[in-house]
Undergrad: 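Below: one structure in structure tokens.
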Amino acid sequence: MLLAIDVGNTNMVFGIYDKDKLCGSFRISTNAERTSDELGMQIAQYYHFHGLDRHQTDAVIIASVVPPVMYTLVNAIRKYLHVQPLIAGRDVDIGVRNCYANPREVGVDRLINAVSAMERYGRPLIIVDIGTATTFDAIDAEGAYQGGAIFPGLKVAMEALFLKASKLPRVDIEMPEHAIGKTTVRSMQSGAVRGYVGALTGIITDIQKELGGNARVVATGGMGRMMAEYCPLIDEVDPNLTLEGLRLIYENNKDAFRDRKLADNIGNIEVNEEG
């Protein structure tokens, strides 16, 4: 089995694969204060919940945009799954031509999404990852990553409004029926969601023009499905885009994953190794 892990700013998403079948997935909050034993035991519990044997995991691939959690995560994988994980973009090649001015500035998750999206939906493409931040990624007709745009996530924007405006409450994110709100809560919801849809529409339209006008739009991320209901320019919603991209990178680099199993006594690793 393969364990694919997408480490984001808010959550770590785990996908357990048997060949190309996703047997189970789960989320754990991203927390740099958690110890490797706490994290490892949570992972083990989720394996048990899905009726899977964690010791049958042969390979682990990780994509991360949060360096502070990596020491703990890698140790948890080594201690509880007895596998030495590989890091996408560092230990294995992602396989996308990166046209960014400084290729190292691109978040690895954005390139992994490109791998998965091109395999599923062809090209050219626009990938919109709607999470803590919302990223727009442009893939041209030749399959090259051209760059994109970064926009504050809707939840981040709403939280900033709550914190900076003393009279405005914290509200649920939903689209009111009418654009004209009759209460403060409805006014905030209307402005937030309609404003966000307007931003999505404007940025997608501009990127489509620069790509030639016929790029499909794929949404992913924690709020991808919700925003796709309100933004007609979004053609597809794929919540597992990053996990599938990690699986494809594993399939394309299988030689690098050979002999990654560790001896069973690795679980006796000294507790003072925790960073």
Undergrad: A quick test of your reading: do over 12 heavy atoms of other residues, nucleotides or ligands sit less than 6.0 Å from CG of Asp172?
TA: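 It does not: Asp172 CG has 12 such atoms or fewer within range.
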Undergrad: Can a salt bridge be assigned to the pair Arg247 and Glu119 using a cut-off of 4.0 Å between side-chain N and carboxylate O?
TA: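 Salt bridge: no.
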Undergrad: Judged by atom type as modelled, is there a donor-acceptor pair below 3.5 Å linking the side chain of Thr220 to the main-chain atoms of Asp238?
TA: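 Checked: pair present.
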Undergrad: Could you tell me which non-hydrogen atom of Pro103 sits nearest to which non-hydrogen atom of Asn98, and how far apart they are?
TA: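 Distance-wise, the nearest heavy atoms are O-ND2, 3.2 Å.
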Undergrad: So how far is it from Leu86 CG to Leu246 CG, rounded to the nearest 0.5 Å?
TA: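 So the CG of Leu86 and the CG of Leu246 are separated by 11.5 Å.
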Undergrad: Inspect the surroundings of CG in Asp259 and state if more than 12 heavy atoms from other residues, nucleotides or ligands are less than 6.0 Å away.
TA: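 No, CG of Asp259 has 12 or fewer neighbouring heavy atoms, counting only those of other groups under 6.0 Å.
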Undergrad: Any chance CZ of Arg194 has more than 12 other-residue heavy atoms, nucleotides or ligands included, within less than 6.0 Å?
TA: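 Yes, CZ of Arg194 has more than 12 neighbouring heavy atoms, counting only those of other groups under 6.0 Å.
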Undergrad: Can you tell me if Lys261 has over 12 outside heavy atoms packed within less than 6.0 Å of its NZ?
TA: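 Check passes, neighbour count above 12.
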Undergrad: When you measure from the side chain of Ser187 to the backbone N and O of Thr183, does any donor-acceptor pair fall under 3.5 Å?
TA: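 Yes, the answer is positive, given that a donor and an acceptor are paired below the 3.5 Å cut-off.
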Undergrad: Hey, what do you get for CG (Asp91) to CD (Gln84), rounding to the nearest 0.5 Å?
TA: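 Interatomic distance, Asp91 CG to Gln84 CD, rounded to 0.5 Å: 8.5 Å.
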Undergrad: Please determine whether the number of non-hydrogen atoms from other residues, nucleotides or ligands lying under 6.0 Å from atom NE2 of His50 exceeds 12.
TA: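 Check passes, neighbour count above 12.
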Undergrad: When the ring planes of Tyr196 and Phe151 are compared, do they come out parallel, tilted or perpendicular, using 30° and 60° as the limits?
TA: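 Ring orientation of Tyr196 relative to Phe151: tilted.
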Undergrad: Please report whether the ring centroid of Tyr46 lies less than 6.0 Å from that of Phe14.
TA: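 No: the rings miss the under 6.0 Å criterion.
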Undergrad: Surrounding CG of Leu163 (heavy atoms of other residues, nucleotides or ligands, distance under 6.0 Å), is the total greater than 12?
TA: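 Yes, enclosed.
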Undergrad: Does any N or O in the side chain of Ser29 come within less than 3.5 Å of the main-chain N or O of Asn31, such that one atom is a donor and the other an acceptor?
TA: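 No, Ser29 side chain to Asn31 backbone: no donor-acceptor pair under 3.5 Å.
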Undergrad: May I have the step-by-step check of side-chain contact (heavy atoms from CB on, under 4.5 Å) for Ile43 and Ile77, ending in yes or no?
TA: CA-CA 9 Å; Ile43 293 170; Ile77 296 300; 4.1 Å; yes
Undergrad: Can you tell whether the side chains of Asp18 and Lys21 come within less than 4.0 Å, N to carboxylate O?
TA: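 Answer for the salt bridge query: no.
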Undergrad: Looking at Tyr47, does the NZ or CZ of Arg54 lie under 6.0 angstrom from its six-membered ring centre and within 45 degrees of the ring axis?
TA: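 Judged by the rule (NZ or CZ under 6.0 Å from the ring centre, within 45° of its axis), Arg54 is not positioned above Tyr47.
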Undergrad: To the nearest 0.5 Å, what is the distance between CD (Glu210) and CD1 (Ile126)?
TA: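 Answer rounded to 0.5 Å: 9.5 Å.
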Undergrad: To the closest 0.5 Å, what do you measure between CZ (Arg90) and CD1 (Ile62)?
TA: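 Rounded to the nearest 0.5 Å, the CZ-CD1 separation comes out at 8.5 Å.
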Undergrad: Any side-chain donor-acceptor pair under 3.5 Å between Glu244 and Tyr17?
TA: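 Yes - a donor-acceptor pair under 3.5 Å links their side chains.
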Undergrad: Just do the side-chain hydrogen bond (donor to acceptor under 3.5 Å, both in side chains) check on Asp140 and Tyr145 with the steps written out, would you?
TA: CA-CA 7 Å; Asp140 67 18; Tyr145 178 86; over 6 Å; no
Undergrad: Okay, side chain of Glu236, backbone of Val218: is any donor-acceptor separation there less than 3.5 Å?
TA: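 Not a single qualifying donor-acceptor pair exists.
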Undergrad: Checking side-chain hydrogen bond (donor to acceptor under 3.5 Å, both in side chains) against Thr132, which of Asn11, Asn9, Thr10 comes through?
TA: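 By the side-chain hydrogen bond (donor to acceptor under 3.5 Å, both in side chains) criterion, Thr132 pairs with just one of Asn11, Asn9, Thr10: Thr10.
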